[in-house]
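Below is one structure, written out as structure tokens; comments come after it.
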Amino acid sequence: MKDNMRIGVVNMRAISGNTTANMETILANIEESAAQNVDLVLLPELCLQGYDFFVEEGISREEKLSVGEGIDGACCNILQEAAIRTKQY
């Protein structure tokens, strides 16, 4: 077990409702963190869908709920694979 842990904090502007572009940004930050020997990567709240997506007027409750996924969802699987590949948490 390591005595020290390097923590990386990601500060990004998520694109409202664009999970594909947001995931690309997240994965790029994970790769950059790995290059800097970071052990734990902290991501912003709602970084996949964008915070604005949930507070924008005109988006129905059903549409907002439709973007959610379980722990075994596609986005979670992609992030899990990136964590394993880069040996980060």
Side-chain angles (χ1 to χ4, degrees):
M1 184 154 128
K2 295 170 86 173
D3 290 333
N4 296 311
M5 177 179 273
R6 289 184 61 122
I7 299 173
V9 179
V10 174
N11 184 14
M12 62 177 272
R13 183 171 186 92
I15 301 169
S16 182
N18 192 337
T19 55
T20 301
N22 294 334
M23 181 61 81
E24 289 173 3
T25 301
I26 291 165
L27 293 174
N29 278 281
I30 289 172
E31 293 297 332
E32 182 180 338
S33 296
Q36 297 176 19
N37 297 315
V38 168
D39 300 302
L40 174 66
V41 180
L42 302 177
L43 299 169
E45 177 183 27
L46 299 173
C47 60
L48 282 171
Q49 291 83 15
Y51 181 80
D52 293 344
F53 179 79
F54 291 96
V55 297
E56 285 179 11
E57 297 292 325
I59 298 176
S60 71
R61 181 175 188 276
E62 291 76 22
E63 187 177 359
K64 290 176 183 179
L65 290 173
S66 73
V67 300
E69 63 179 51
I71 193 71
D72 59 346
C75 290
C76 289
N77 288 335
I78 291 168
L79 292 173
Q80 180 182 28
E81 290 167 6
I84 292 167
R85 184 181 69 256
T86 61
K87 297 180 173 75
Q88 296 179 96
Y89 297 97

Hydrophobic cluster partners of Ile84 (side-chain heavy atoms under 4.5 Å): none
CG on Asn11 to CG on Leu43, rounded to 0.5 Å: 11.0 Å
Closest non-hydrogen atom pair between Gly50 and Ala14, with its separation: CA-CB, 3.6 Å
Test log, rule side-chain contact (heavy atoms from CB on, under 4.5 Å), inputs Met5 and Leu40: CA-CA 7 Å; Met5 177 179 273; Leu40 174 66; 4.0 Å; yes
Short side-chain to backbone donor-acceptor contact, Glu69 and Cys76, under 3.5 Å: yes
same_hphob_cluster(Val10, Met23) at 4.5 Å side-chain heavy-atom cutoff: yes
Residue pairs involving residues 11-39 (criterion salt bridge (charged side-chain N to carboxylate O under 4.0 Å, His left out); sequence neighbours excluded): Lys2-Asp39, Glu31-Arg85
Separation of Ile15 CD1 from Thr25 OG1 (nearest 0.5 Å): 6.0 Å
Nearest-0.5 Å distance, CG of residue Leu48 to OG1 of residue Thr20: 10.0 Å
Nearest-0.5 Å distance that lies between atom OG in Ser16 and atom CG in Leu46: 10.5 Å
Co-membership, hydrophobic cluster, residues Ile7 and Val41, 4.5 Å side-chain: no
Heavy-atom pair with the smallest gap, counting every atom of Gly8 and Val38: N-CG1, 3.3 Å
Exam field: side chain Gln88 to backbone Ile30, donor-acceptor pair closer than 3.5 Å: yes
side-chain hydrogen bond (donor to acceptor under 3.5 Å, both in side chains) pairs, two or more places apart, involving residues 70-80: none
Nearest heavy atoms of Met12 and Asn22, plus distance in Å: CE-O, 4.0 Å
